[in-house]
Amino acid sequence: MTLRLYYHPLASFCWKVLIALYENAIPFEPVLVDLGDETSREDFRKVWPPMKFPVLVDTERNATIAESAAVIDYLEAFAGPVAPLVPKDPDLAWQSRMWDRLFDDMLQLPMQKIVLDVFRPADGHDAIGVVQARTDIAAAYAFMETRLPPDGWAVGKAFGLADCAAAPALFYADTVCPLDDTTPKLKDYLGRLKERPSFARVLREAEPYFKMFPLDPKPRI
Ligand SMILES: N[C@@H](CCC(=O)N[C@@H](CS)C(=O)NCC(=O)O)C(=O)O
């Protein structure tokens, strides 16, 4: 199996897939997509016209897979993971899928809204949308604090898909809307995620790019 991953080291959705690859020591060729570089942009457009990453290309099977959770599904099915990330137990499986969506929808999307607003022209900022995004993240923190377990991983006993989604979502949400003493379980969970070797490696590799983050404070490990 020959895998190529189109990604950027700062891109939060790419982190989900990097964590899955590192968890299972799956070999792949990383292709850094620089959307600010014309050649890199056009090369990526040829691979995936919607221009959203991560995108995995399996050259042997002639498959191009987008959407972070679908990429993880593909790795589960075809890359022979030693530590499967999507539980076989049906109840743990639906809970993993549910938490994958919740971390993406309730944290990543409002976090992206706050960050991307910086790139809008001076007369085009969406101040109301940004305030709403901060309110949504605060509500997500309060909800997750009551629903997540006090220790271990998000679903069941094993590290899995939900944790791949939680790591970038919580890390970047905490950067733009810091967790505080009202959410001790979430703070501890983020601490455990940062210590997980797969995510620690993702963070180490992203650290040189943190200065490119468009808001202050910059992300910190
Ligand atoms: N639902 C997609 C989201 C992908 C996504 O939003 N990727 C961002 C990077 S984290 C992106 O491609 N941004 C570039 C752009 O929108 O131009 C997934 O789970 O992979």
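Atoms within a ligand are numbered from 1 in the order they appear, just like the ligands themselves.
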Suppose we measure from [atom] to each protein heavy atom; which comes out shortest, and what is that distance?
{"atom": "atom 16 (O) of ligand 1", "result": "Lys52 NZ, 2.7 Å"}
{"atom": "atom 19 (O) of ligand 1", "result": "Ser68 OG, 2.6 Å"}
{"atom": "atom 17 (O) of ligand 1", "result": "Leu35 CD1, 3.8 Å"}

Give a yes or no on whether Ile221 atom CD1 has more than 12 heavy-atom contacts from other residues, nucleotides or ligands under 6.0 Å away.
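Check passes, neighbour count above 12.
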Does atom OH of Tyr209 have more than 12 heavy-atom neighbours from other groups under 6.0 Å away?
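Result for OH/Tyr209: open.
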Over 60° means perpendicular and under 30° means parallel, so tell me whether Phe159 and Trp153 are parallel, tilted or perpendicular.
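Phe159 and Trp153: perpendicular rings.
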Report the relative orientation of the aromatic rings in Phe44 and Phe53; use parallel for angles under 30°, tilted for 30 to 60°, perpendicular for over 60°.
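The arrangement is tilted - the two ring planes meet at 30° to 60°.
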Interfacing atoms of ligand 1 (cut-off 4.0 Å, heavy-atom, [X]):
{"X": "Pro54", "result": "20 (O)"}
{"X": "Ser12", "result": "10 (S)"}
{"X": "Ala11", "result": "9 (C), 10 (S)"}

Are the ring centres of Trp15 and Tyr7 closer than 6.0 Å?
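No, ring centres 6.0 Å or more apart.
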Does ligand 1 have an atom that lies less than 4.0 angstrom from a heavy atom of Gln112?
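Yes; Gln112 lies near enough to ligand 1 that a heavy-atom distance drops under 4.0 Å.
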What do you reckon, does Phe53 have a nitrogen or oxygen under 3.5 Å from a nitrogen or oxygen of ligand 1?
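Indeed, backbone or side chain, Phe53 has an N or O that close.
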Closest to atom 2 (C) of ligand 1 among Arg101, Met111, Arg41, Glu67 (heavy-atom distance)
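Selected option, by shortest heavy-atom distance: Glu67.
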Is the closest basic N to carboxylate O distance between Glu205 and Arg201 below 4.0 Å?
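Judged by the 4.0 Å cut-off on N to carboxylate O distance, Glu205 and Arg201 do form a salt bridge.
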Between Asn24 (side chain only) and Ile26 (backbone N and O only), is there a donor and an acceptor less than 3.5 Å apart?
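Checking the backbone N and O of Ile26 against the side chain of Asn24, no donor-acceptor pair under 3.5 Å is found.
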